[in-house]
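Structure first, then comments.
These numbers come from a predicted model, not from an experiment. The chain is numbered in sequence order, starting from 1.
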Amino acid sequence: MFTGIITDVGQITRVETRGDTRVVVGTSYETLEIDLGASVACSGVCLTVVDKGPNWLAFDVSGETIHRTAQGQWVEGRRLNLERAMKLGDELGGHIVTGHVDGIAEVIGICPDGDSKRVGFRVSSDLAPFLAAKGSITVDGVSLTVNEVTDADDGSTHFAVNIIPHTQAVTTLSDLAPGSAVNIEIDVLARYLQRMEHYRAKAR
């Protein structure tokens, strides 16, 4: 379980092709304090630490994970937003995040909004029921607030968020450009409410 508050930006330093893909991520975390088997969210994807050393952690990334996450994410040199799993009693500064990617969004526009950046994304229509203005969304592991949602004529859904200067400085969201692909996780509460509504409709 995570909060969407990024605590480090790591970088993939090595990629090894095995049965799964092993990625080695450079980090400023004190890795001696991180146990093998611990969970770390890597740009919104919950992964298990399988090896470690001074200033690096290794993760095995399955073919299923590669298929369901943003294209080009698991390559050498890629920067990743990192967050260690919550501990009981930690401050919940963002929102409840599971580290399970629900879909991929594409950046369709970026414009200044005061000192912040307003970023627009396109997602497939199947995620539309889970997006609401002033609701929470996780973009590449970062907890953000949805500013507006629009259903487009082509069947896709567009939403926009504001990224404040602090978030730009401490995450990879400063790297976004039109056409960038990002991992999206919907609010877990919205997921359960949609499931409940589905069964309620069947019972009618």
Side-chain angles (χ1 to χ4, degrees), residues 1-105 107 117 119 136-144 161 163-177 180-185 188:
M1 195 71 70
F2 306 94
T3 68
I5 303 299
I6 303 307
T7 51
D8 189 30
V9 174
Q11 186 170 34
I12 297 177
T13 59
R14 189 166 75 250
V15 178
E16 303 172 5
T17 302
R18 308 181 176 199
D20 290 323
T21 297
R22 177 162 294 190
V23 295
V24 178
V25 179
T27 176
S28 63
Y29 285 150
E30 180 48 73
T31 55
L32 292 177
E33 300 176 355
I34 300 177
D35 294 332
L36 296 181
S39 295
V40 176
C42 299
S43 286
V45 183
C46 179
L47 296 177
T48 300
V49 177
V50 297
D51 199 3
K52 65 178 184 176
N55 303 119
W56 62 268
L57 298 169
F59 307 91
D60 285 339
V61 186
S62 70
E64 173 73 4
T65 297
I66 292 174
H67 174 71
R68 291 187 174 274
T69 53
Q71 185 178 12
Q73 180 168 322
W74 310 109
V75 296
E76 188 172 326
R78 181 69 178 248
R79 299 204 309 152
L80 301 174
N81 295 317
L82 302 182
E83 180 188 355
R84 295 183 60 183
M86 287 180 62
K87 296 178 181 178
L88 192 62
D90 282 354
E91 179 180 350
L92 183 59
H95 70 282
I96 296 173
V97 175
T98 64
H100 300 155
V101 174
D102 292 297
I104 307 301
V107 176
K117 288 183 180 179
V119 184
S136 296
I137 191 79
T138 307
V139 177
D140 271 355
V142 183
S143 173
L144 296 169
V161 300
I163 303 176
I164 64 172
H166 173 77
T167 302
Q168 295 175 49
V170 300
T171 72
T172 66
L173 299 187
S174 59
D175 299 338
L176 294 179
S180 295
V182 295
N183 298 319
I184 295 294
E185 181 183 332
V188 65

Holding to side-chain hydrogen bond (donor to acceptor under 3.5 Å, both in side chains), I want the full list of residues that pass it with [X], two or more places apart in sequence or in another chain.
| X | result |
| --- | --- |
| Ser136 | none |
| Trp74 | Thr69 |
| Arg78 | none |
| Thr171 | none |

Distance check, rounded to the nearest 0.5 Å: [X] atom [atom1] versus [Y] atom [atom2]?
| X | Y | atom1 | atom2 | value |
| --- | --- | --- | --- | --- |
| Asp140 | Leu80 | CG | CG | 8.5 Å |
| Thr167 | Lys117 | OG1 | NZ | 12.0 Å |
| Thr172 | Gln11 | OG1 | CD | 11.5 Å |
| Ser180 | Asp175 | OG | CG | 8.0 Å |

Quiz item: Taking everything shown except Met1 itself, do over 12 heavy atoms lie less than 6.0 Å from its CE?
Solution: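 No, because the 6.0 Å sphere around CE of Met1 holds 12 heavy atoms or fewer from other groups.
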* Pairing residues for His166 by the side chain to side chain contact (heavy atoms under 4.5 Å, CB included) criterion, not counting sequence neighbours ->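 Side chain to side chain contact (heavy atoms under 4.5 Å, CB included) list for His166, sorted by chain: Ile164, Val170.
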Pairwise side-chain contact, Val119 with Leu173, heavy-atom cut-off 4.5 Å (strictly under):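 They are not in side-chain contact.
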Test item: Val61 and Asp20 side chains (from C-beta on) under 4.5 Å apart, heavy atoms
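No, side chains not in contact.
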Which atoms form the tightest heavy-atom contact between [X] and [Y], and what is the distance?
| X | Y | value |
| --- | --- | --- |
| Glu83 | Thr3 | OE2-N, 2.7 Å |
| Leu57 | Lys52 | CD2-CB, 3.8 Å |
| Asn183 | Ala70 | OD1-N, 2.8 Å |
| Thr13 | Glu76 | O-CD, 3.5 Å |

### Query
Is there a donor in the side chain of Ser62 and an acceptor in the side chain of His67, or the other way round, less than 3.5 Å apart?
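Checked: Ser62/His67 side chains show no N/O donor-acceptor pair below 3.5 Å.
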Identify each donor-acceptor pair in which a side-chain atom of residues 22-50 lies under 3.5 Å from a protein atom, sequence neighbours left out, and give them as a table.
residue : atom : partner : partner atom : Å
Arg22   : NE   : Asp60   : OD1          : 2.7
Arg22   : NH2  : Asp60   : OD1          : 3.3
Arg22   : NH2  : Asp60   : OD2          : 3.2
Thr27   : OG1  : Asp8    : OD2          : 2.5
Thr27   : OG1  : Tyr29   : N            : 3.0
Ser28   : OG   : Asp8    : OD1          : 2.8
Ser28   : OG   : Asp8    : OD2          : 3.3
Tyr29   : OH   : Thr7    : OG1          : 2.5
Tyr29   : OH   : Leu82   : O            : 3.3
Glu30   : OE2  : Leu32   : N            : 3.4
Thr31   : OG1  : Gly53   : O            : 2.7
Ser43   : OG   : Asn81   : N            : 3.1

Report task. For His95 and Thr138, run side chain to side chain contact (heavy atoms under 4.5 Å, CB included): C-alpha distance rounded to whole Å, both residues' side-chain angles, the deciding distance at 0.1 Å, then the answer. Result -> CA-CA 9 Å; His95 70 282; Thr138 307; 3.2 Å; yes
Would Glu185 and Val101 count as a side chain to side chain contact (heavy atoms under 4.5 Å, CB included) here? Give the steps. CA-CA 5 Å; Glu185 181 183 332; Val101 174; 5.9 Å; no
Applying side chain to side chain contact (heavy atoms under 4.5 Å, CB included) to Ile66 and Thr21, what does each step give before you reach the verdict? CA-CA 9 Å; Ile66 292 174; Thr21 297; 3.5 Å; yes
Taking it one step at a time, do Val75 and Ile12 satisfy side chain to side chain contact (heavy atoms under 4.5 Å, CB included)? CA-CA 7 Å; Val75 296; Ile12 297 177; 6.0 Å; no
